[in-house]
Peer 1: 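What follows is a structure written as structure tokens; I'll ask about it next.
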Amino acid sequence: MRILIVEDEKALANNLKRGLSEEGYSADVAYDGEEGGFMAETEPYDLIILDIMLPKVDGFTLLKNIRKQGIKAPVLMLTAKDAISDKIKGLDTGADDYIIKPFDFDELLARVRALLRRKGEVKSAVIGIGDLEIDTAGHQVKRGGKDINLSAREYALLEYLAYNKDKVVTRIDISEHIYDYDFDLDSNIIDVYINFLRNKIDKGFEKKLIHTVRGAGYILKE
Ligand code: CA
């Protein structure tokens, strides 16, 4: 899942990016509202974390603009303490949730997960495909009741496939949602990671869950 952070406080923005990356998300940062608006309109983000007071274009204007452009990515607004009017204005402008600064990172993560679930129409924190279970809150994966250890990148790829289960995802979809701005689309890294995942998820099981759709991409299904 790919997240855009629009925040002009560099230390906070960079900490968020690092924390989200450690959780297996890919995250890009924009330090002002103009750059943030441009990135939101050109890249298919799964979620946007948006500050209100921003240089060049403020968060409310950015949000209004991207909603007008038809961008439906869930938006989590960062609001100042006690600014109730900001919360109301944010929600009325098309934000999906807000969190008050300073916030606890674990709370932000829980809100991020809830918004991503809502977007993916996945209601529970645990996604099941056959005997495969993906706990998106704890980042734990089990198949046939047995724990499977995945690296952060492998987990991110599996989670993306799981949020889109029973649908074909292309290599471009994967590269746009799993990797950040600097990712080189020519590299064969996606196939490499699919193979890593197959070795951990499907190897030794009669029923394969990760399928290649020739000329199209991959699908996770029973
Ligand atoms: Ca700010």
Side-chain angles (χ1 to χ4, degrees), residues 1-120 125 136-137 139 152-153 155-156 159-160 163 175-183:
M1 293 289 162
R2 187 166 172 199
I3 298 174
L4 174 64
I5 302 158
V6 191
E7 168 60 78
D8 59 317
E9 285 168 50
K10 289 216 160 110
L12 174 58
N14 296 338
N15 277 337
L16 278 175
K17 179 178 162 84
R18 195 175 52 235
L20 290 167
S21 303
E22 282 170 8
E23 289 294 310
Y25 299 107
S26 68
D28 295 318
V29 176
Y31 297 113
D32 66 63
E34 192 177 274
E35 192 191 9
F38 173 77
M39 289 168 80
E41 285 172 23
T42 50
E43 299 289 321
Y45 289 103
D46 297 296
L47 183 128
I48 299 167
I49 297 174
L50 180 61
D51 188 31
I52 293 174
M53 300 288 281
L54 290 165
K56 295 186 186 170
V57 176
D58 70 85
F60 293 128
T61 308
L62 187 163
L63 180 56
K64 214 191 287 170
N65 289 343
I66 64 168
R67 290 296 186 238
K68 222 187 280 172
Q69 298 285 326
I71 289 155
K72 294 191 180 76
V75 169
L76 175 61
M77 288 210 111
L78 305 179
T79 66
K81 201 174 162 217
D82 297 334
I84 289 174
S85 60
D86 278 359
K87 292 171 207 162
I88 295 169
K89 197 172 166 190
L91 294 170
D92 279 345
T93 311
D96 298 271
D97 198 3
Y98 60 82
I99 191 165
I100 299 160
K101 283 184 182 179
F103 49 81
D104 178 63
F105 185 66
D106 287 332
E107 186 187 344
L108 177 121
L109 281 179
R111 288 176 184 277
V112 162
R113 287 193 300 265
L115 289 173
L116 290 173
R117 280 205 298 273
R118 238 191 271 168
K119 174 179 182 275
T136 59
H139 285 198
R153 270 283 141 94
Y155 176 81
E159 189 187 76
Y160 182 68
Y163 273 117
S175 69
E176 284 179 343
H177 291 270
I178 303 291
Y179 298 95
D180 56 29
Y181 226 58
D182 303 321
F183 179 67

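What you see is a predicted model; the values in this text were computed from it and never measured. What you see below is based on every heavy atom in this structure, not just the backbone, and it leaves out hydrogens, waters and symmetry mates. Every number for a ligand or one of its atoms is a count from 1 in the order of the listing.
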Peer 1: Which single N/O/S atom of Asp8 lies at minimum distance from the Ca ion (ligand 1)?
Peer 2: OD1
Peer 1: Would you say the side-chain atoms of Tyr31 and Asp51 include a donor-acceptor pair closer than 3.5 Å?
Peer 2: no
Peer 1: Give a yes-or-no answer on whether the side chains of Tyr25 and Asp46 include a donor-acceptor pair shorter than 3.5 Å.
Peer 2: no
Peer 1: Taking the Ca ion (ligand 1) as the reference point, name the nearest N/O/S atom of Asp51.
Peer 2: OD2
Peer 1: Within a strict 4.5 Å, meaning less than it, do heavy atoms of the Tyr98 and Ile52 side chains meet?
Peer 2: no
Peer 1: Look at Glu9 and state whether any of its N, O or S atoms is less than 3.0 Å from the Ca ion (ligand 1).
Peer 2: no
Peer 1: When you compare the side chain of Asp58 with that of Met53, does any pair of heavy atoms fall below 4.5 Å?
Peer 2: no
